[in-house]
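Following: one structure in structure tokens, then a few remarks.
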Amino acid sequence: MTDDSTYPHHAAGSAVFRNRYRGDCENCFGLCCAALPFSVSVDFAIDKAAGEPCRNLREDFRCGIHTKLRDTGFRGCTVYDCYGAGQKVSQETFKGVSWRERPETARAMFEVLPIVWQLHELMLYIEELLGRPAASVLHAGLREELIEIERLTRLEPDALRELSVSALRAKVNGLLLEGSELVRAEAKRRHASHSEEAPRVKPNSRGGKHGKSGKAGRKPVIGRGADLVGADLRGEDLRAANLRGAYLIAANLSGVDLREADLIGADFRDADLRGANLAGVLFLTQVQLNAAKGDARTLLPPGLERPGHWNAVG
């Protein structure tokens, strides 16, 4: 049984909680390789329907081309992370019996995976806020939600398939947004108090695509859901910015200070994060990092890993 002691208050900056939301392929039945669909694109070399095992999935549930996924057209596989849902569904929901051992369970197992994935994603965000002192006024409510969601992840397969994750997400998102505002407001006050010691860097005026208009030299519009595809954001002060759901595909963020920015749901595909400061950002996930470009100078929050392909970035 889960109780409040399962989720102690996290020390600020602690990365321990992230270990609970890390995929463990050794204890998974290759669920992401079978349950999820994908189509021919820059991320995948072939079409695959939902519920159809990938042609590269071996009998032991390991990937036959794991070490050369990017070189063979399966970049999307290197971006994905199940947040620990794969091993939970395999070992707990279905009691360690694979869909190959019991083919009649395959459909249910494949349908349950994305549901538990979404629940784990919400839990990950909640646990991050529990480590933010600025959001302490919300911690009691956050713990209640965390315990309830954990209970839901342990439901039987049929009950999980009937779960309305969208309704739950809407409820939790209110707390996440409120927590984000508290954390970013405290960060803005802190940055303002040091402004005389560290003058604000002026936005660059080199031109390039800036926001939706794409007009050279136009200052980008920064905010929730902003269209910043291909934008040159070098020199922008994005500390404590609200970038929730922003489209940052192929944006140039090299050397940008993003401390305490809210990045929940932001699309970082091919975004240039070389030398960027991501220390202390809110709601950044490994999936977002895996989709971006960076290097050894990129500063990361505790518990997030530097993707292997970043080593190839100059």
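Since we're looking at a predicted model, the values are computed, not measured.
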Arg62/Glu26 under salt bridge (charged side-chain N to carboxylate O under 4.0 Å, His left out): CA gap, chis, key distance, verdict
CA-CA 8 Å; Arg62 300 295 171 263; Glu26 293 296 320; 3.3 Å; yes
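- Using modelled atom types, one side-chain atom of Glu52 and one backbone atom of Ala49 make a donor-acceptor pair closer than 3.5 Å.
- Side-chain atoms of His309 do not come within 3.5 Å of backbone N or O of Thr78 as any donor-acceptor pair.
- Checked against the 6.0 Å centroid threshold, Phe110 and Trp99 count as a close aromatic pair.
- Between the side chain of Asp227 and the backbone N or O of Val229, at least one donor-acceptor pair lies under 3.5 Å.
- Rounding to the nearest 0.5 angstrom, the gap separating the CG atom in Leu124 from the CD atom in Glu121 is 7.5 Å.
- The CG atom of Leu129 sits 11.0 Å away from atom CG of Leu146, with the distance rounded to the nearest 0.5 Å.
- The two residues Leu284 and Glu128 come nearest to each other via the heavy atoms N-OE1, 4.3 Å.
- Side-chain polar atoms of Glu127 and Tyr21 form a donor-acceptor pair below 3.5 angstrom.
- A salt bridge links Glu148 with Arg151: at least one charged nitrogen is closer than 4.0 Å to a carboxylate oxygen.
- With respect to Arg239 and Glu260, no salt bridge is recorded, no charged nitrogen being found less than 4.0 Å from a carboxylate O.
- The line from CZ of Arg184 to CZ of Arg190 is 13.0 Å long, rounded to the nearest 0.5 Å.
- Across every non-hydrogen atom of Gly23 and Cys82, the tightest pair is CA-SG, 3.8 Å.
- Closest non-hydrogen pair, Leu182 versus Ala134, comes out as CB-O, 3.6 Å.
- Using a distance-only test at 3.5 Å, with no hydrogens or angles considered, no donor-acceptor pair links the side chain of Glu236 to the main chain of Val256.
- Using the six-membered ring where Trp is involved, Trp117 and Tyr80 have ring planes that are parallel, under 30° apart on the 30 and 60° scheme.
- In this structure, a donor-acceptor pair under 3.5 Å is absent between the side chains of Ser254 and Asp272.
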Would Lys88 and Thr93 satisfy side chain to side chain donor-acceptor pair (under 3.5 Å), going step by step from the backbone distance to the final call?
CA-CA 6 Å; Lys88 174 167 279 188; Thr93 311; over 6 Å; no
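- One distance of note links OH of Tyr125 with CG of Leu142; it measures 14.5 Å at 0.5 Å rounding.
- When all heavy atoms are compared, the tightest approach of Glu145 to Leu168 is OE1-CD1, 4.4 Å.
- Side-chain atoms of Ser41 and Asp43 form no donor-acceptor pair, as typed in the model, at a separation below 3.5 Å.
- Side chain of Glu101 to main chain of Ser98: a donor-acceptor pair is present (N/O by atom type, distance under 3.5 Å, no hydrogens or angles).
- Checking side-chain atoms of Thr298 against main-chain N and O of Gly294 turns up no donor-acceptor pair under 3.5 Å.
- The closest donor-acceptor contact from the side chain of Gln87 to the backbone of Cys28 lies at 3.5 Å or more, if one exists at all.
- Note that CG of Leu113 is 10.0 Å distant from CE of Met109, once rounded to the nearest 0.5 Å.
- A donor-acceptor pair is defined here as one N or O able to donate and one able to accept, closer than 3.5 Å; no such pair exists between the side chain of Ser180 and the backbone of Leu176.
- Between Asp47 and Ser39, the shortest heavy-atom contact is OD1-CA, 3.2 Å.
- A distance of 9.5 Å separates CG in Asp71 from CD1 in Ile65, rounded to the nearest 0.5 Å.
- Of the possible donor and acceptor atoms, one in the side chain of Asp262 sits under 3.5 Å from a partner among the backbone N and O of Ile264.
- Remark: side-chain polar atoms of Arg244 are not paired, donor with acceptor, to backbone N or O of Gly225 under 3.5 angstrom.
- Salt bridge annotation for Glu305-Arg22: present, with a cationic side-chain nitrogen under 4.0 angstrom from a carboxylate oxygen.
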